[in-house]
Protein chains: 2
Amino acid sequence: MRARVEDDAQGRRQVYEACFEPCAIEKGMRIIGGKWTGSILWHLKDGPVRFNDLARMVGGASKKMITERLRQLETQGLVRREVMDTAPVSVHYEITEFGRSALGFLDELRKWSEGLPQEIHADG
Amino acid sequence: MRARVEDDAQGRRQVYEACFEPCAIEKGMRIIGGKWTGSILWHLKDGPVRFNDLARMVGGASKKMITERLRQLETQGLVRREVMDTAPVSVHYEITEFGRSALGFLDELRKWSEGLPQEIHADG
DNA sequence: CAGAATCCAACCGGATACTG
DNA sequence: CAGTATCCGGTTGGATTCTG
């Protein structure tokens, strides 16, 4: 993970990194860093949650967003979708073991975020 | 952090969370979860880096993006900008102590991301 | 070198309405 | 309940050009 430093044909110093293209940080962020994604996963940690409950828990995200992020998490194997055949239909979303493996750093993020001074905002 | 469950006036069950509005996870993500932000911060962990070097290290981000994210990180106090009066001018970006407090989480993310199977992609 | 400025297509995501 | 469908304005962010 150390930087690679070399000089080009014109003798100018060039600095490269061992993490080409989407570096690990960036790659990870693209998976759980998206809007609502981390939050959704986090709210599943205590057990299965129904769609509308989840929407309320996340709070602020539209149903459209919740659905899209859940579908993404599902195809990535972080979340499992289970349809109970009741009437009216009930759908449970459950975090998988794999999804659970992300809870560690999400908790780190939570702790860091909660310790933040008020004057820090997402925008500038 | 437990969910609050109550029934509304019509007797329908409502589930709320102790994390109203931008919950901690979401808030944190909006600060370091943005495109390139985490990556930039990460690449400053070993010491000050010059603008163009940083751009190369992050790799893939345009100068415009690097600049915008750096300005954001600067006003949030995660990064310090230092102009050396040399000719041509040289600008160093350095992570602050506060910025360093986020490295724990970023490192956890990195480890998680590196252990990811190939078939997991940011898109679906 | 370290940006600032401009342009603009693509995507994002909220609002709303509708469905089985 | 658990979504889907459609509309559409706002934001994003890459490409390009220019500057002290």
Side-chain angles (χ1 to χ4, degrees), chain A residues 7-8 10-15 21-22 26 29-30 33-40 43-44 48-75 79-94 122-124, chain B residues 7-8 10-15 21-22 26 29-30 33-40 43-44 48-75 79-94 122-124:
Chain A
D7 300 274
D8 66 10
Q10 281 73 44
R12 289 171 305 210
R13 173 142 298 186
Q14 306 290 323
V15 181
E21 309 313 277
E26 200 56 34
M29 281 298 190
R30 302 296 168 87
K35 210 172 176 180
W36 310 120
T37 311
S39 192
I40 289 177
H43 284 92
L44 294 177
V49 181
R50 300 180 60 173
F51 182 81
N52 279 339
D53 288 341
L54 191 57
R56 264 188 300 274
M57 289 161 85
V58 171
S62 63
K63 285 196 203 176
K64 181 188 172 189
M65 277 304 98
I66 304 281
T67 304
E68 287 182 4
R69 291 292 79 87
L70 278 173
R71 294 286 175 274
Q72 181 185 351
L73 287 168
E74 196 190 351
T75 58
V79 160
R80 191 179 306 114
R81 178 174 181 270
E82 258 172 305
V83 184
M84 332 298 277
D85 69 338
T86 54
V89 66
S90 166
V91 179
H92 287 171
Y93 289 93
E94 186 177 10
D123 40 273
Chain B
D7 300 273
D8 65 10
Q10 281 73 43
R12 288 171 303 212
R13 173 140 299 185
Q14 306 289 324
V15 181
E21 311 311 278
E26 200 57 33
M29 281 299 189
R30 302 294 168 89
K35 210 171 176 182
W36 308 121
T37 310
S39 193
I40 289 176
H43 284 92
L44 293 177
V49 181
R50 300 180 60 175
F51 181 81
N52 280 337
D53 288 341
L54 191 57
R56 265 189 298 276
M57 288 161 85
V58 171
S62 63
K63 284 191 192 183
K64 181 188 172 189
M65 276 305 98
I66 304 283
T67 304
E68 287 181 5
R69 292 292 80 87
L70 277 173
R71 293 285 175 276
Q72 182 186 348
L73 287 168
E74 197 190 350
T75 59
V79 160
R80 192 180 303 115
R81 179 174 180 269
E82 258 172 305
V83 183
M84 331 299 276
D85 68 339
T86 54
V89 66
S90 167
V91 179
H92 287 172
Y93 288 93
E94 185 177 10
D123 40 272

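Order of the sequence lines sets the chain letters (A, B, ...), proteins ahead of strands, with each chain counted from 1.
Distance B:I66 CD1 to C:dG3 C1': 12 Å, rounded to the nearest Å. One interatomic measurement links the two molecules: CG of A:D53 to P of D:dG3, which rounds to 12 Å at whole-angstrom precision. The distance between atom CZ of B:R56 and atom P of C:dG3, rounded to the nearest whole Å, is 14 Å. To the nearest angstrom, P of C:dG3 lies 8 Å from CG of B:L70. For the pair B:M84 CE and C:dG3 C1', the interatomic distance rounds to 17 Å; values are reported in whole Å.
Within the 4.5 Å cutoff, no side-chain heavy atoms of A:R80 are placed close to those of A:E74.
Summary of helix geometry: the two end axes of the helix from C:dC1-D:dG20 to C:dG20-D:dC1, each defined by five base pairs via their C1' atoms, are inclined to each other by 50° (rounded to 10°).
Between atom CZ of residue A:R56 and atom CZ of residue A:R50 there is a gap of 9.5 Å, rounded to the nearest 0.5 Å. In this structure, B:R69 CZ and B:K64 NZ are separated by 10.0 Å, a value rounded to the nearest 0.5 Å. Here the straight-line distance linking atom CZ of B:R71 with atom CZ of B:R81 works out to 4.5 Å at 0.5 Å rounding. Between A:L70 atom CG and A:L54 atom CG the span is 5.5 Å, to the nearest 0.5 Å.
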**Prompt:** Nucleotide by nucleotide, 5' to 3', does protein get under 4.0 Å of the base (B), only the sugar-phosphate (S), or neither (-) in nucleotides 13-20 of chain C, counting heavy atoms?
**Reply:** BBB-----

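Here A:R71 reaches the OP1 or OP2 of D:dT4: one of its side-chain N or O atoms lies under 4.0 Å away. Dashed line: the shortest gap from a side-chain N or O of B:Y93 to OP1 or OP2 of C:dC1 is not under 4.0 Å. Regarding contacts with the backbone of D:dA2, every side-chain N or O of A:R81 stays at 4.0 angstrom or more from both OP1 and OP2. Within the 4.0 Å cut-off from OP1 or OP2 of D:dC1, not a single side-chain nitrogen or oxygen of A:R50 is found.
Judged by distance alone, the side chain of B:E82 and the main-chain N or O of B:S90 form no donor-acceptor pair under 3.5 Å. Looking only at distances, no side-chain donor or acceptor of A:T37 sits under 3.5 Å from a matching main-chain atom of A:G33. The backbone N or O of A:W36 sits less than 3.5 Å from a side-chain atom of B:E26, completing a donor-acceptor pair.
In terms of heavy-atom proximity, B:A61 sits nearest to B:I66 at CB-CD1, 3.8 Å.
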